[in-house]
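So the structure is just underneath, and the comments pick up after that.
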Amino acid sequence: MSYVKPNQLIDDIIQSGLRKTRLTLGQMAVRGVLAGAILGAATTVALTAAAQTGLPIVGAVLFPVGFAVILLLDLELVTGSFALIPLAIMEGRATLARGLRNFFVVILAHLVGAVLYAVLYTTSITYLGTDMSDPMVQALINLAEHKVLPYEAVGAGGILVVVIKAMLCNWMVAIGTIMFYTSKSTGGKIVAMWLPVTIFFSLGLEHAVVNMFAIPAGIMVGADVTIGEWWVWNQAPVLVGNFLGAILFTALPVYFSHRTRVNRVKEPLAAPVSVPAESVLDRS
């Protein structure tokens with residue numbers, strides 16, 4: 001599978017983080033919209049499989065197909081970038097401003113893509129809102145309410161719980177993102193990232209981009225959740241938890257398990273210009 005050794009792996013993921021900060025705003029937006037929609041599609045596939053088989057683990061095994069598509073197409077997924085970009089900043093290869101710009105633009109783009117897919121999907125399964133008999137309607141309602149109401153019932157402690165679940169989620173997602181770089185072959189990349197992502201989904205943890213689809217879709221078909229409740233009791237704290245999990249549980253431990261100190265060697269600002277020998281002779 002063309003295994004990439006750890007030292008090279010660290011260099012590769014930092015280079016990937018650097019490239020992400022150098023994308024144009026348009027590239028960030030388009031890649032983020034596509035990623036949000038694709039994760040929405042992967043979530044519906046997982047829910048459908050779980051409903052058809054009565055085995056939620058089947059849905060969890062199928063769900064990583066969305067991540068595989070996103071990573072293979074080199075799209076933008078902010079939960080993976082939460083691990084890659086900070087390392088590039090830490091080494092002095094990218095600036096904090098460019099890193100924050102990527103996060104901000106891609107999060108907004110994810111929201112657009114995920115909600116757009118939610119509108120299209122719920123419109124199709126309800127036949128423009130005229131038929132609510134599809135079993136996926138109730139599945140979406142249950143999922144949306146489960147991701148908001150239990151945390152709200154606990155109060156301030158619920159915020160802590162959702163942040164912890166988001167940290168645990170992105171521990172796995174960030175590991176999956178990094179493991180994607182451990183192979184040079186397409187098959188190796190898919191296998192490497194598949195298992196960690198399966199773990200997060202099977203445990204019912206909180207992923208910000210998945211929730212940008214799941215909760216709005218549930219609201220559209222009648223879940224007892226308001227937009228304010230969605231953001232206060234899930235979306236905002238989940239984004240915080242996903243960021244902390246990527247940094248504290250994955251990026252820094254992986255980095256310092258293979259390097260004893262931060263490598264702050266910056267890239268040269270410009271390649272040296274070679275002067276033809278003829279020019280030197282002419283000047284002499």
Side-chain angles (χ1 to χ4, degrees), residues 1-6 8-43 45 62-91 93-95 98-114 116-117 170 172-198 200-201 207-210 212-213 242-243 246-247 250-251 254-255 267:
M1 290 188 181
S2 305
Y3 174 65
V4 177
K5 294 182 179 180
Q8 181 61 48
L9 170 66
I10 299 299
D11 291 335
D12 289 347
I13 62 177
I14 289 172
Q15 189 64 26
S16 178
L18 174 60
R19 287 197 305 270
K20 289 177 179 296
T21 66
R22 291 182 173 179
L23 295 173
T24 67
L25 292 177
Q27 288 174 317
M28 293 179 193
V30 173
R31 295 183 187 194
V33 168
L34 287 174
I38 289 168
L39 277 197
T43 302
V45 167
L62 292 176
F63 173 75
V65 67
F67 277 82
V69 171
I70 289 168
L71 292 174
L72 287 173
L73 291 180
D74 198 21
L75 302 179
E76 286 298 295
L77 184 62
V78 75
T79 47
S81 297
F82 281 161
L84 306 180
I85 291 177
L87 291 181
I89 295 172
M90 186 175 72
E91 287 207 340
R93 299 172 188 271
T95 65
R98 282 185 173 271
L100 292 176
R101 182 186 72 155
N102 178 280
F103 293 159
F104 180 75
V105 173
V106 172
I107 287 171
L108 289 181
H110 285 335
L111 187 60
V112 171
L116 176 61
Y117 178 77
N170 222 34
M172 293 295 103
V173 172
I175 286 178
T177 301
I178 288 176
M179 288 183 65
F180 183 81
Y181 294 89
T182 61
S183 174
K184 294 295 186 182
S185 72
T186 300
K189 287 177 177 293
I190 293 173
V191 171
M193 56 73 58
W194 202 280
L195 292 178
V197 176
T198 298
F200 115 70
F201 200 86
H207 187 272
V209 186
V210 169
M212 288 177 185
F213 159 77
N242 284 169
F243 178 76
I247 293 291
T250 305
V254 169
Y255 184 90
E267 290 187 329

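Count residues from 1 along the sequence.
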Given side chains that start at C-beta, do those of [X] and [Y] come closer than 4.5 Å, heavy atoms only?
X      : Y      : answer
Trp194 : Thr198 : yes
Val173 : Phe67  : yes
Ile175 : Met172 : yes
Leu84  : Lys20  : yes
Glu76  : Asn102 : yes
Phe63  : Val45  : no
Ile10  : Val254 : yes
Thr177 : Phe82  : no

Over all heavy atoms of both residues, which pair between [X] and [Y] is shortest? Give the atoms and the distance, please.
X      : Y      : result
Leu39  : Gly66  : CD2-C, 4.3 Å
Arg22  : Arg98  : CA-NH1, 4.2 Å
Leu9   : Val4   : N-CG1, 3.7 Å
Gly36  : Val209 : CA-CG1, 4.0 Å
Asn170 : Thr250 : O-OG1, 4.1 Å
Ile85  : Thr21  : CG2-CG2, 3.8 Å

Can Asp11 and Gln15 be counted as having a side-chain donor-acceptor contact under 3.5 angstrom?
no
Looking at [atom1] of [X] and [atom2] of [Y], how far apart are the two atoms once the value is rounded to the nearest 0.5 Å?
X      : Y      : atom1 : atom2 : value
Ile14  : Arg93  : CD1   : CZ    : 6.0 Å
Phe180 : Leu72  : CZ    : CG    : 4.5 Å
Ile247 : Asn242 : CD1   : CG    : 12.0 Å
Met193 : Thr182 : CE    : OG1   : 11.0 Å
Asp74  : Ser16  : CG    : OG    : 6.5 Å
Ser2   : Lys189 : OG    : NZ    : 9.5 Å

Looking only at atom types and distance, does a side-chain atom of Gln27 sit under 3.5 Å from a main-chain N or O of Thr24, one as donor and one as acceptor?
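Indeed, once roles are kept as given, a pair shorter than 3.5 Å links the two residues.
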Exactly one of Leu75, Val65, Leu77, Thr43 should register a side-chain contact (heavy atoms from CB on, under 4.5 Å) with Ile38. Which one does?
Leu75
Table please: side-chain donor-acceptor pairs of residues 103-112 below 3.5 Å, with sequence neighbours left out.
{"from": "His110", "atom 1": "ND1", "to": "Gly32", "atom 2": "O", "distance (Å)": "2.9"}
{"from": "His110", "atom 1": "NE2", "to": "Val78", "atom 2": "N", "distance (Å)": "3.1"}

